[in-house]
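FYI, side chains are in, hydrogens and waters are out, and symmetry mates aren't considered; it's all heavy atoms of this structure.
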Amino acid sequence: MKAFAKLYWLFSASICNFTNAVIIQGTVPKSLWGKKVVLNGPQGNSQFAFISKPGHITSVNLIGEKHVVVSEAFIKPEKEGFNVGDLYNKDFAGIFRKIFASKSPSEFFSTGFCNAAVHKYDGKYYALEETCRPMELEYDETGKIHCVGLSKDIERMGAHLIDEHYTRFSYMPPFTAKAPLKYNDTVIPWYPEDRPALIHDGKITECGNYMIFPLTSLKFGNIFEWLSNSKPFPFDIYKKKFRWLLFDYKNFESKEIYTDIYIDIFHVFKVEKHDHKTLIVYASAYENFWETSIYIEEPILTLHKHIINIEENTVKVEDLKFPIEFANIKDTKLVGNGGGNPPKVTIFDIKTNTFSKKQIPGKIVEDEIIPFEDMLIYYTHEENRSFLYIIDKESTEIITKIQVPKRKPGIHTTLLD
């Protein structure tokens, strides 16, 4: 009879709303009580959904030892502006319709999809994408997440913050403002003739004197060749070598520092100020991002170490020859998704300049792996189920496993509060 009752409870929990009945294995460590693990990524199953569909947000609110609240929020864009999916689909009529429906280029280049990440900025939660008006989120009294609506206070915000909580940035693509980059609401004095297609990330140096942004080789090219069908996409990949934009915060000056290679960097993991004239940057670099994004090649992605001489405007690039992406910093280590099946975590020790890789529990892990104290936190995805795992970093034993509503892998996972 007890066995039947247990089976009945499991069945009932599996068909109930996840915010009311949560299947949890183990207990939540006390140091995580009150924190939230949030995953954002586009809705839908189409080939290019990862960049052209509204956001799907999964939140696990770790309230207590056995008390967790699992909830979801689905972005409903109030206005559909231009998105990269329009380029894939060659939706010329749709693009022109959006152009004429928009009051300004700034409005046209904002979809409101908010499908890349969730961050807490200035005391509020926001769903974000590449360059858009962010979607404000809130948690209700029961711990569930909800969409409030597009922000009335922030016109544009990138997918990442450039410090812990207080500095956002935004970048406008070509055909818009002469000075396309801002931090908070301050225009950075940078007036490029050739702009990168996007600026996805940036960092404030530990000394607080500089902001640094990666300027990709990928840039908008001849749009008329694309419109006439003589070119599959309106991008140039090998026209501009990769460079760094360095903004001197105190003197309010900016400059570009060129490398001698064609790469695309989207995530900057760590910036160290080695001495008064040297910055050391750790970042993941694609050699073939565009080919990867349209599924014609496997990604060529490795960790790079860039040594920047501020005084001489030079960069020494070291390709560390090891794939790592979506890395988070923990002490002197970069902790990233090692991919594979079964999944793995990749750890790069900056101090010893060595890599290690170990298998972790779960099926498909394509999102970020978050290091916290002596634990690793991540989402995993199976054919009909998704889970949040909290494991011991050294032994990889499962500490907590929480079932969440089935979803596709997302883009960015964030540990909030």
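- At least one side-chain heavy atom of Tyr210 sits less than 4.5 Å from a side-chain heavy atom of Asp248.
- A donor-acceptor pair is defined here as one N or O able to donate and one able to accept, closer than 3.5 Å; no such pair exists between the side chain of Asp374 and the backbone of Lys393.
- Here Lys203 pairs with Asp201 in a salt bridge; the nearest charged N to carboxylate O distance falls below 4.0 Å.
- Crowding of Tyr166 atom OH: a count of heavy atoms from other residues, nucleotides or ligands under 6.0 Å not exceeding 12.
- In terms of heavy-atom proximity, Val404 sits nearest to Leu388 at CG1-N, 4.5 Å.
- Atom CD of Glu373 has more than 12 heavy atoms from other residues, nucleotides or ligands within 6.0 Å.
- In this structure, the separation between OG1 on Thr27 and CH2 on Trp33 is 8.5 Å, given to the nearest 0.5 Å.
- Residues Met157 and Leu161 approach most closely at CE-CD2, 3.6 Å, considering heavy atoms.
- Judged purely by atom type and a 3.5 angstrom limit, Thr216 has no side-chain atom pairing as donor or acceptor with the backbone of Pro196.
- The backbone N or O of His56 lies less than 3.5 Å from a partner atom in the side chain of Arg407, making a donor-acceptor pair.
- Listed by chain and number, the residues in a side chain to side chain contact (heavy atoms under 4.5 Å, CB included) with Asp349 are Thr332, Lys333, Lys351, Thr352, Thr354 (sequence neighbours excluded).
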Would you please test Tyr125 and Asp417 for side-chain hydrogen bond (donor to acceptor under 3.5 Å, both in side chains) and show each step?
CA-CA 10 Å; Tyr125 303 101; Asp417 297 319; 2.6 Å; yes
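- With Trp244 as reference, Val281 is the one residue of Leu215, Asn313, Val281 to meet the side-chain contact (heavy atoms from CB on, under 4.5 Å) rule.
- The local environment of NZ in Lys316 is sparse, with at most 12 non-hydrogen atoms from other residues, nucleotides or ligands closer than 6.0 Å.
- Ser151 contributes no side-chain N or O that, together with a main-chain N or O of Arg133, makes up a donor-acceptor pair within less than 3.5 Å.
- Looking at every heavy atom in both residues, His200 comes nearest to Glu130 through ND1-OE1, 2.8 Å.
- Under the 4.5 Å side-chain criterion, counting only non-hydrogen atoms from C-beta, Leu246 is in contact with Leu279.
- Using a 4.5 Å heavy-atom cutoff, the side chains of Val268 and Pro214 are in contact.
- For the pair Asp367 (side chain) and Thr413 (backbone), a donor-acceptor distance under 3.5 Å is absent.
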Taking it one step at a time, do Ile261 and His304 satisfy side chain to side chain contact (heavy atoms under 4.5 Å, CB included)?
CA-CA 12 Å; Ile261 52 178; His304 274 204; 4.1 Å; yes
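- Taken from CG in Leu416 to CG in Leu137, the straight-line distance is 9.5 Å, to the nearest 0.5 Å.
- A side chain to side chain donor-acceptor pair (under 3.5 Å) with Arg168 is found for one member of Asp122, Asp163, Asp185 and no other, namely Asp185.
- Partners of Ile300 under the side chain to side chain contact (heavy atoms under 4.5 Å, CB included) rule, at least two apart in sequence or in another chain, are Glu287, Asn288.
- The aromatic ring centres of His160 and His412 sit less than 6.0 Å apart.
- Applying the ring pair (Phe, Tyr, Trp, His ring centres under 6.0 Å) definition to pairs two or more places apart or across chains, those involving residues 380-401 are Tyr378-Tyr389.
- A distance of 11.5 Å separates OH in Tyr282 from NE2 in His306, rounded to the nearest 0.5 Å.
- Sorted by first then second residue, the side-chain hydrogen bond (donor to acceptor under 3.5 Å, both in side chains) pairs that include residues 337-348, not counting sequence neighbours, number zero.
- Taken from CD1 in Ile263 to NZ in Lys241, the straight-line distance is 12.0 Å, to the nearest 0.5 Å.
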Might you work through the side chain to side chain contact (heavy atoms under 4.5 Å, CB included) test for Lys76 and Met135, ending with a clear yes or no?
CA-CA 10 Å; Lys76 295 180 180 178; Met135 177 69 69; over 6 Å; no
Applying side chain to side chain contact (heavy atoms under 4.5 Å, CB included) to Ile145 and Tyr139, what does each step give before you reach the verdict?
CA-CA 4 Å; Ile145 197 168; Tyr139 284 89; 3.6 Å; yes
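- With hydrogens and angles disregarded, no donor-acceptor distance shorter than 3.5 Å links the side chain of Thr302 to the backbone of Asp319.
- Under the 3.5 Å distance criterion, the side-chain polar atoms of Glu366 are left unmatched by any main-chain donor or acceptor of Pro409.
- Legend: residues meeting salt bridge (Lys or Arg N to Asp or Glu O under 4.0 Å) with Glu206, ordered by chain and number and at least two apart, are Lys270.
- Applying the salt bridge (Lys or Arg N to Asp or Glu O under 4.0 Å) test to Glu256 and every residue at least two apart in sequence or in another chain returns Arg243.
- Between Val271 and Lys273 the shortest side-chain heavy-atom distance does not fall below 4.5 Å.
- Without hydrogens or angle criteria, Thr414 side chain to His119 main chain gives no donor-acceptor distance under 3.5 Å.
- At least one side-chain heavy atom of Met375 sits less than 4.5 Å from a side-chain heavy atom of Leu32.
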Quick one: do Trp190 and Phe247 satisfy side chain to side chain contact (heavy atoms under 4.5 Å, CB included)? Show the steps, please.
CA-CA 9 Å; Trp190 173 56; Phe247 172 52; over 6 Å; no
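- Between Leu39 and Ile411, the shortest heavy-atom contact is CD1-N, 4.2 Å.
- A distance below 6.0 Å separates the ring centres of Phe213 and Phe169.
- What you find for Thr167 and Asn184 is that their closest heavy atoms are CA-OD1, 3.5 Å.
- Rounding to the nearest 0.5 angstrom, the gap separating the CG atom in Leu198 from the CE atom in Met172 is 13.0 Å.
- Looking only at side-chain heavy atoms (C-beta outward), Ile307 and His274 stay at 4.5 Å or farther from each other.
- Within the 4.5 Å cutoff, no side-chain heavy atoms of Ile75 are placed close to those of Asn115.
- Looking only at distances, a side-chain donor or acceptor of Lys406 sits under 3.5 Å from a matching main-chain atom of Glu382.
- Using a 30° and 60° split on the angle between ring planes, Phe348 and Phe355 fall in the tilted class, from 30° to 60°.
- For Phe326 against Glu368, the heavy-atom pair with the smallest separation is CB-CG, 3.4 Å.
- Between His267 and Phe269, the ring-plane angle classifies as parallel under the 30° and 60° cut-offs.
- Using a distance-only test at 3.5 Å, with no hydrogens or angles considered, no donor-acceptor pair links the side chain of Thr58 to the main chain of Glu72.
- A heavy-atom distance below 4.5 Å is found between the side chains of Ile310 and Lys255.
- Atom CD1 of residue Ile360 and atom CG of residue Asp392 lie 13.0 Å apart, to the nearest 0.5 angstrom.
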